[in-house]
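All remarks here apply to the structure that follows.
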Amino acid sequence: MEGQMRQGRKLHWLQQANEILAKTLTVQLYLLAISFKLFDSKVIGARFFNFGGIAYDDETTPLDTEGHGTHTASTAAGVSVEGASIYGIAEGTARGGVPSARIASYKVCWGGGCQDVDLLAAFDAAIADGVDVISVSIGGPLRNFTQDSIAIGSFHAAKKGILTVCAAGNEGPAEGTIENVAPWILTVAASTIDRKLETSVKLGNGENISGVAVNTFALNKSFYPLINGVLARNENVSGDYVGNFSACESDTLSESKVKGKIVYCQGGSGVSVIPLLGGTGTIMSDDTLDDAFPTIGPGTFVSYDDGQKIDKYINTTKSPLAIIYKTRGVNMTAPSVAPFSSRGPQEISPNILKPDIAAPGVDILAAFTKFTTMTRMDGDDRVVKYNVLSGTSMATPHAAGAAAFVKTFHPRWSPAAIKSALMTTSTPMKIKPLECELASGSGQIDPVKALHPGLIYDIDTISYISLLCRLGYTSKDIALLTGNNKYNCSKIPQAKGADGINYPSIYFQVKIRESAFSAVYYRTVTNVGVGKSAYKAQVESPKDLSIEVNPNVLTFERPYEKKSFTVTLEGKLPQNETYMSGSLVWSDSKHNSVRSPVLAVRTLSAPSSAMSIPAAIVTPPARKLECVESFGDTHDKNPCGSLICIKRFPS
């Protein structure tokens with residue numbers, strides 16, 4: 001099921017909806033609620049929104065008919081289940097981030113995509129329902145905040161004390177592909193886990209080749225005949241375009257040549273073609289083996305180089321043979337940022353680092369719907385309770401569950417405080433990405449450490465408004481975002497420093513043709529520890545970057561006391577380099593280390609005029625929204641996704 005989500009026709013509705021925006025959000029996306037009340041069931045509500053009128057008649061149900069919502073919801077708040085697996089693969093105890101949570105789902109996306117009107121209506125409903133955390137596994141091209149329904153809805157949620165957690169997108173590893181960049185959103189990158197789903201191939205000559213897939217099938221014989229797409233081609237095919245035989249594209253192969261054999265295909269087309277032709281199995285080659293793709297029949301994906309070896313074996317052997325083994329879990333070093341996870345920088349708020357944080361999003365086993373098959377493809381009859389999916393969609397509910405976990409212990413903390421706690425207690429990536437924090441944000445999430453962050457960087461509504469004024473948004477623009485006219489940029493305190501906000505990370509974009517740079521950042525931290533404490537600044541930086549903190553010692557006499565300081569960056573970024581990465585850590589020499597990444601990056605290009613703030617807001621063009629689920633090596637953007645809201649349960 002491939003496609004893109006569309007949004008559009010928003011502005012006229014916004015002008016009405018902004019007056020009442022205190023309501024909802026979701027799609028074949030879902031919203032979780034942790035409630036103070038006791039309920040008999042895990043899912044306490046399910047609604048759908050089709051004000052945009054793009055859903056087909058048979059779609060208008062809150063039921064999850066494609067699996068994405070069930071998967072993300074159970075990741076955020078599923079109960080603990082021992083022995084969960086997919087046909088014995090990835091077996092273990094499956095558990096959501098906050099098992100005591102109750103889930104409310106709000107479906108907003110359909111086969112034809114997502115509409116702004118439905119997204120905003122869902123945010124409205126979620127806010128009115130009193131949720132505590134909203135998880136949105138939806139993404140799309142960047143737009144100004146006044147034209148971005150997710151930015152608008154999440155801003156209203158933040159005003160009501162609700163943190164919105166969003167997917168960073170699946171367009172990596174290209175830079176400048178990051179999505180959902182509003183500073184009041186927690187933007188989540190996808191990272192790997194320490195289990196790889198290996199699906200190996202053995203050739204008749206005894207050579208073993210490692211592959212990656214979710215292959216639930218165990219073949220009975222020792223070996224099967226092996227053929228490639230070229231040798232299995234259908235000689236009767238003719239016309240202007242006959243397809244790619246090597247790739248095993250549809251209608252290019254002979255059923256009689258394929259039946260009973262394992263077929264090697266260049267690329268992933270064979271995953272659905274070969275089983276329908278009666279083939280025993282499929283070996284596919286691909287340059288990117290980021291995650292495990294579920295196959296319809298026995299199958300695996302191997303690297304391009306290994307595919308060349310297989311092809312050579314077929315072409316030089318009289319009777320080539322092969323066997324594809326059932327998938328097994330093997331240990332691997334982790335975490336690293338998934339190659340598909342979208343990277344910064346971005347020009348909407350250029351001196352704010354996005355993504356904010358990384359969380360597990362590769363080969364995640366979680367619950368699945370019974371209303372579709374394991375692969376959602378023709379010819380597949382397997383209906384499963386659990387499935388393995390990958391994407392920043394899968395990372396997002398991990399972070400949403402962590403946010404709900406923190407809020408359970410700190411119910412009065414603001415969304416920015418919870419976000420700060422998660423960011424400053426995160427762990428630097430074990431395998432550092434080439435793009436540094438443009439890929440990982442502050443680092444890998446650590447929910448337990450986030451319960452006791454020591455210090456937090458808090459941000460209130462006025463601070464966000466001040467930043468918007470600094471970015472060039474007019475009072476009229478801000479009224480579209482906030483839903484009222486009470487904010488006047490001429491009367492709002494001016495944002496200070498290079499980024500203009502009290503953000504937990506420190507980030508600077510060096511202009512394209514410049515090398516030397518200097519920037520000052522103003523920060524205020526709140527002591528959320530117990531009793532008196534003293535923190536000393538510790539900095540790490542490369543030789544060409546100076547990080548100066550003033551004062552470099554902060555002394556607190558009581559809880560919730562605030563202290564301010566400045567961070568001054570001075571450096572020179574050589575023309576042949578793109579990144580300079582360092583860190584600032586406030587340490588009390590006992591148990592608290594409050595870490596902020598410090599990153600200087602050369603901009604990719606001059607700021608686009610499309611990113612500038614319009615003098616007058618006009619109705620934007622239809623927006624293509626993409627469900628940020630990665631389903632296999634192709635990372636199909638499916639019209640699906642989940643908006644999840646979490647509401648606290650009494651501890």
Side-chain angles (χ1 to χ4, degrees), residues 34 36 97-98 100 132-133 157-163 165 183-184 186 356-357 399-427 442-443 445-464 466 493 496-497 501-506 521-539 549-567 583-597 646-651:
I34 302 176
F36 286 115
V98 274
S100 60
D132 289 296
V133 177
K159 287 204 303 180
K160 295 294 184 179
I162 303 166
L163 176 62
V165 184
W184 47 86
L186 178 64
D356 293 306
I357 207 163
F405 179 63
V406 173
K407 188 159 188 174
T408 299
F409 287 86
H410 304 287
R412 296 183 180 178
W413 281 11
S414 70
I418 294 172
K419 176 178 172 178
S420 172
L422 292 169
M423 291 173 64
T424 61
T425 59
S426 63
T427 304
S442 295
I445 199 167
D446 190 330
V448 175
K449 284 186 179 179
L451 293 180
H452 305 288
L455 306 174
I456 56 171
Y457 296 84
D458 211 352
I459 307 173
D460 59 16
T461 299
I462 291 297
S463 296
Y464 290 127
S466 179
K496 297 191 299 181
I501 197 167
N502 193 39
Y503 219 66
S505 57
I506 297 172
Y521 299 80
Y522 293 83
R523 294 292 186 265
T524 298
V525 289
T526 304
N527 177 29
V528 293
V530 178
K532 297 181 179 181
S533 59
Y535 287 81
K536 185 174 182 179
Q538 301 172 349
V539 298
V549 183
N550 186 32
N552 65 354
V553 175
L554 302 177
T555 302
F556 299 90
E557 299 294 328
R558 62 188 182 278
Y560 294 98
E561 184 179 1
K562 298 179 182 291
K563 294 285 185 179
S564 297
F565 62 94
T566 61
V567 179
S583 66
L584 162 63
V585 177
W586 287 103
S587 176
D588 66 357
S589 301
K590 296 177 183 177
H591 56 275
N592 287 318
S593 293
V594 187
R595 181 181 177 276
S596 294
I646 300 178
K647 183 174 175 58
R648 273 182 293 110
F649 191 72
S651 57

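Remember, predicted model here, so these are calculated numbers, not experimental data. Every heavy atom of this structure was used, including side-chain atoms; hydrogens, water molecules and symmetry mates were not.
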State which residues pass side chain to side chain donor-acceptor pair (under 3.5 Å) with [X]; sequence neighbours excluded, sorted by chain then number.
| X | answer |
| --- | --- |
| T427 | none |
| W586 | none |
| K536 | none |
| R595 | none |

Practice item. Hey, could you give me each pair passing salt bridge (charged side-chain N to carboxylate O under 4.0 Å, His left out) that has a residue in residues 522-531? Not counting sequence neighbours. Key: D499-R523
Donor-acceptor check, side chain of [X] to backbone of [Y], threshold 3.5 angstrom: yes or no?
| X | Y | answer |
| --- | --- | --- |
| N527 | R558 | yes |
| S466 | P493 | yes |
| S442 | S426 | no |

Closest heavy-atom contact between [X] and [Y]?
| X | Y | answer |
| --- | --- | --- |
| S505 | S596 | CA-CB, 4.4 Å |
| P411 | T408 | CD-O, 4.0 Å |
| A400 | V133 | O-CG1, 3.9 Å |
| S593 | S587 | OG-OG, 4.2 Å |
| I445 | A399 | CD1-CA, 3.7 Å |

Supply the atom-to-atom distance [X] [atom1] to [Y] [atom2], rounded to the nearest 0.5 angstrom.
| X | Y | atom1 | atom2 | value |
| --- | --- | --- | --- | --- |
| M423 | D356 | CE | CG | 4.5 Å |
| I459 | I501 | CD1 | CD1 | 4.0 Å |
| S414 | K159 | OG | NZ | 15.5 Å |

Please list, chain by chain and in numerical order, all residues satisfying side-chain contact (heavy atoms from CB on, under 4.5 Å) with [X], sequence neighbours excluded.
| X | answer |
| --- | --- |
| D588 | Y535, K590, H591, N592 |
| D460 | I462, S463 |
| P551 | L554, F565 |
| P415 | L163 |

Please tabulate, for the side chains in residues 446-457, all donor-acceptor contacts under 3.5 angstrom to protein atoms that are two or more places apart in sequence or on a different chain.
from : atom 1 : to   : atom 2 : distance (Å)
D446 : OD1    : V448 : N      : 3.4
D446 : OD1    : K449 : N      : 3.3

Review point. Excluding sequence neighbours, so at least two apart, what forms ring-ring contact (aromatic ring centres under 6.0 Å, His included) with Y464?
Key: W184
Exercise for review: Please name all residues satisfying salt bridge (Lys or Arg N to Asp or Glu O under 4.0 Å) with K563, sequence neighbours left out, ordered by chain then number.
Suggested key: E561
Practice item. Determine the interplanar angle of the H410 and W413 rings, folded into 0 to 90°, and report it as parallel if under 30°, tilted if 30 to 60°, perpendicular if over 60°. Key: parallel
Check your understanding: Which is it for Y560 and D458 under the side chain to side chain donor-acceptor pair (under 3.5 Å) test, yes or no, and what are the steps along the way?
Key -> CA-CA 11 Å; Y560 294 98; D458 211 352; over 6 Å; no
Exercise for review: Please tell me if the side chains of L422 and F405 come closer than 4.5 Å, counting only heavy atoms from C-beta onward.
Suggested key: no
